[in-house]
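Worksheet: the structure to be examined is printed underneath.
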Amino acid sequence: MSSESPHTPDAPLTTTGTRQVPDRVSLDGVETRWDDAWTAQDLYAFDRTATREQVYSIDTPPPTVSGSLHVGHVFSYTHTDVVARFQRMRGREVFYPMGWDDNGLPTERRVQNYYGVRCDPSLPYDTDFTPPFEGGEGKSGPQVPVSRKNFVELCERLTVEDERLFEALWRRLGLSVDWSRTYQTVSAESRAVAQQAFLRNLARGEAYQAEAPGLWDVTFQTAVAQAELEARDYPGAFHRVAFHGADGPVYIETTRPELLPACVALIAHPDDERYQHLFGTTVRSPLFDVEIPVLAHTLAEPDKGAGIAMCCTFGDLTDVQWWRELQLPTRSVVGRDGRILRETPEWLGSEEARARYEELAGKTTFSAREAVVAGLRETGDLDGEPVNTQRKANFYEKGDKPLEIVTSRQWYIRNGGRDESLRDALLARGAELGFNPDFMKVRYENWVSGLNGDWLVSRQRFFGVPFPVWYPLDQDGEPLHDKPLLPTEDQLPIDPSSDVPEGYTADQRGVPGGFVADPDIMDTWATSSLTPQIVGGWRTDPDLFSRVFPMDLRPQGQDIIRTWLFSTVVRSHLEHGSLPWSSAAISGWILDPDRKKMSKSKGNVVTPIGLLEEHGSDAVRYWAASARLGTDAAFEIGQMKIGRRLAIKVLNASKFALSFGAADEPLSLDPALVTSEIDRAMLAGLADVVDKATAALLAYDHTRALELSETFFWTFCDDYLELVKDRAYGDPSPETVSARAALAIALDVLLRLFAPVLPFATEEVWSWWREGSVHRAPWPTAEPLRTSADPAVVSAAGSALAALRKVKSEAKLPLRTEITAVELVVPATMRPGVESALDDIRAAGRVTGTLTLVDGDGETCVARDAVLVPPAPKA
RNA sequence: GGGCCUGUAGCUCAGCUGGUCAGAGCGCCGCGCUUACACCGCGGAGGUCGCCGGUUCGAAACCGGCCGGGCCCACCA
């Protein structure tokens with residue numbers, strides 16, 4: 001438990017013991033070694049006695065387990081882990097769980113194929129069910145129907161294996177998740193939370209049922225919500241069709257002639273001169289001979305098509321609006337299977353029309369269109385030939401056929417789409433939420449402002465969280481939808497298709513006077529929108545919930561702001577009257593080298609585990625941490641190599657800095673021992689870095705923090721370390737002690753600065769000379785490092801050293817070449833710094849003779865008239 | 001059509017609210033096994049800061065327009 005690792009922010013900087021630095025350092029095997037150690041220590045376990053003020057809670061996105069993790073996941077989850085580690089070191093008790101999303105279409109399909117089963121909610125639960133096979137791929141063979149409960153059990157069985165692999169990857173990546181706190185979106189607890197939240201929405205009138213036209217996917221045979229729409233190009237053709245008016249034909253243009261029998265009006269703009277004389281009159285439709293009114297509505301656009309539109313029930317969302325606002329009749333002809341309804345409608349105007357219809361009945365819209373067009377040709381009502389066009393059609397994001405609009409009974413949750421005051425309240429929530437980067441906020445605002453209806457939460461699928469609702473059946477066996485039977489909260493979760501409502505017996509299911517289950521399941525976002533409640537124990541552990549909610553951070557991708565982020569805000573607003581979290585961190589995409597979004601399409605997929613094995617986890621994390629939030633990043637192996645180099649440099653520089661003095665002699669971290677000017681200047685510079693890096697991390701700018709630390713570190717290695725190493729080697733004198741203490745203090749701080757990004761390398765070094773874990777060590781503060789010295793002393797001395805090195809480099813001589821005499825031209829601003837570090841400069845530059853300082857006015861030091869004595873060739 | 005982001009050395013990117021910058025790393029060229037590191041070190045070359053105007057004493061940075069890239073909404077007659 002965490003109590004073993006004190007992490008007070010004010011821990012003294014004076015502890016140390018003996019050192020055990022390996023002769024050869026390496027990153028090989030650090031990932032598994034430290035993951036094992038951290039697990040054994042329960043290093044990242046959440047201490048639930050912490051108060052809300054002490055806690056930093058993260059609403060981690062649950063990855064879909066039936067897919068596979070890709071580089072983009074590694075990228076964005078690293079961002080979150082950097083935040084988690086930083087906050088933990090700052091002394092916050094970090095609540096960092098991991099969820100698995102196993103509730104959705106991808107899992108449903110995978111289970112079907114893997115076990116050769118198909119969910120049929122009407123079946124009873126079979127306690128001894130054994131699937132026909134395991135490990136199936138593809139869709140071969142018949143599928144055995146099983147009850148929903150059996151299906152869910154199979155799902156849970158299969159996903160356990162996926163989850164194990166996912167966890168192994170996350171552990172190797174070094175995510176500091178509390179692995180005792182995982183959740184599944186399909187678990188009983190998740191289902192119970194989803195059902196309870198729904199029942200509360202229902203009780204407060206925020207959830208309601210309505211029979212209304214809505215977008216419908218004919219392949220999946222389910223209703224689809226606005227947030228799941230995708231507009232895609234779809235080939236179509238304009239057909240110019242004649243309606244028969246009293247004064248001759250009225251031509252309209254349509255891309256959906258098969259909807260002709262569903263036509264309820266012709267509509268033109270009220271100001272359109274061409275149609276003034278027709279408003280208020282009627283025409284008759286071709287082929288089907290129905291009397292159709294000609295009406296005016298401002299939504300009709302005079303420059304589109306013929307300027308007068310055929311309104312059908314329903315061709316598109318504009319039709320729905322006209323139908324509603326002009327109170328038009330309903331004449332549906334497309335069924336839920338996407339085919340023309342088999343029953344011949346009664347509104348058709350003649351025997352001939354009925355015959356025409358019967359030819360269409362049962363056909364797909366595509367075939368029906370061909371038949372209607374043929375009919376129009378025959379009667380001469382098609383003017384000219386169809387003109388091909390590219391139009392946009394709405395698709396379900398997972399579907400491949402354009403959506404139809406059909407009337408159905410569905411559940412909705414209010415989200416401001418039809419209610420201005422709720423919309424304003426949700427916009428205010430968005431304004432209250434700290435988006436990182438902040439421009440992501442406008443995506444939220446645009447989406448909420450553009451909502452045109454409430455949130456459709458019911459889906460006509462089988463696998464998912466069922467609505468906890470039954471309906472009584474009247475004496476005719478018809479369900480009474482307005483008198484739902486509901487379970488109590490303590491009965492949850494329930495499956496209405498196998499559980500029985502209070503006051504009924506199982507044999508009354510489906511019989512007149514009995515009851516029937518609501519057949520639908522909830523939208524996957526209806527569960528996902530409750531991740532804070534699921535993981536925080538809202539239903540079963542109010543004490544925990546009060547300590548973690550409202551949470552601190554929601555990390556996620558920008559593509560699901562309109563879905564996951566928004567729906568979570570809606571649920572929290574309705575249930576708790578607050579935001580679900582105070583901040584959101586939005587990660588960008590990973591682009592492949594061609595600047596395309598890295599997708600799962602073959603060719604540009606790199607398996608994450610392969611990356612981690614090849615480059616090391618710290619290296620991959622470094623690449624991820626080098627990209628700002630909200631910005632797309634290139635998949636760059638080069639950046640990982642730089643990260644690996646940095647991690648190895650940390651190892652080597654640390655080994656060196658710890659090598660001075662006897663290994664069994666404690667190293668002091670007391671700043672009071674640091675007396676030499678350049679040492680004090682180095683620490684002063686480090687103090688600035690600590691301040692700026694801390695501020696950057698608090699602002700969710702991990703990139704800037706890393707850059708600051710890294711830049712300092714390389715200068716520290718290349719200049720400072722070179723300058724002081726001779727002094728540090730010496731016999732203990734105040735100057736030697738100063739150098740050693742400064743090195744130890746700087747190392748101690750640098751390791752902690754790098755710990756969030758390079759958890760393995762820093763922990764490795766920490767273990768050589770410190771107790772406990774660097775990841776529970778306090779985040780460094782600037783105060784103990786602050787001195788009166790000017791950080792510029794280090795750069796001045798560095799410039800002087802560079803000048804001496806350059807002389808040797810240009811003479812093509814080794815750096816250990818001695819300089820017996822040299823003039824150093826020093827800019828006035830650097831003079832004090834160079835003078836104060838002169839002994840170190842001489843030592844590092846191997847200046848054994850005279851070194852004369854001359855005033856100069858450049859920006860760097862320049863060495864001239866150097867007398868070089870090359871080292872004797874090696875024997 | 002509306003909105004957001006973006007265009008800086010061959011590559012990946014820094015350049016915070018206009019006045020040391022034209023920068024870093026990679027790559028490239030040259031040199032060097034220096035008692036931490038050759039999974040390294042040192043030195044060097046490389047750019048009209050997309051284009052055109054404007055504001056200003058001064059713009060890569062601010063404003064307008066254009067061009068190019070990415071994304072989100074709207075567009076189904």
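Values in this document were obtained by computation on a predicted structure and should not be read as measured data. Per chain, numbering begins at 1; letters A, B, ... match sequence-line order.
- Among the atoms of the strands shown, base atoms are found under 4.0 Å from some heavy atom of A:E722.
- Crowding of A:K401 atom NZ: a count of heavy atoms from other residues, nucleotides or ligands under 6.0 Å not exceeding 12.
- Place A:K655 and A:F439 on RNA chain B by their nearest nucleotides, and A:F439 ends up nearer the 5' end.
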- Assign a letter to each nucleotide of nucleotides 42-47 of chain B from its 5' end: B, base within under 4.0 Å of a protein heavy atom; S, sugar-phosphate only; -, no contact. BSS---
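- Contact between the side-chain N/O atoms of A:Y275 and the OP1/OP2 oxygens of B:rA77 is not found at any separation under 4.0 Å.
- Between A:R628 and the phosphate of B:rA14, there is a side-chain N or O to OP1/OP2 separation shorter than 4.0 Å.
- Within the nucleic acid shown, A:T255 comes within 4.0 Å of sugar-phosphate atoms alone, with no base atom in reach, counting heavy atoms only.
- Side-chain atoms of A:A634 lie closest to B:rC13 of the nucleotides B:rC13, B:rC37, B:rU34.
- Using a 4.0 Å heavy-atom distance criterion, A:R232 is classed as making no nucleic acid contact.
- With 3.5 Å as the limit, one finds a donor-acceptor pair spanning the side chains of A:T848 and A:E818.
- Residue contacts for A:Q639: at a heavy-atom cut-off of 4.0 Å it reaches no nucleic acid atom on any strand shown.
- A donor atom on one side chain and an acceptor atom on the other are not found under 3.5 Å apart for A:H239 and A:T254.
- Across residues 640-649 of chain A, A:I642, A:R644, A:R645, A:I648, A:K649 each have a non-hydrogen atom less than 4.0 Å from an atom of RNA chain B (numbered order).
- Taking the six-membered ring where the residue is Trp, A:Y444 and A:F566 present perpendicular rings, their angle passing 60° and hence far from 30°.
- Among B:rA74, B:rC31, B:rC76, the nucleotide with an atom closest to any side-chain atom of A:Q226 is B:rA74.
- Heavy atoms of A:W623 sit nowhere under 4.0 angstrom from any nucleic acid atom.
- One finds no side-chain N or O of A:R846 lying less than 4.0 angstrom from the OP1 or OP2 phosphate oxygen of B:rU34.
- Out of B:rA77, B:rC37, B:rC4, the shortest distance to the side chain of A:W322 is found at B:rA77.
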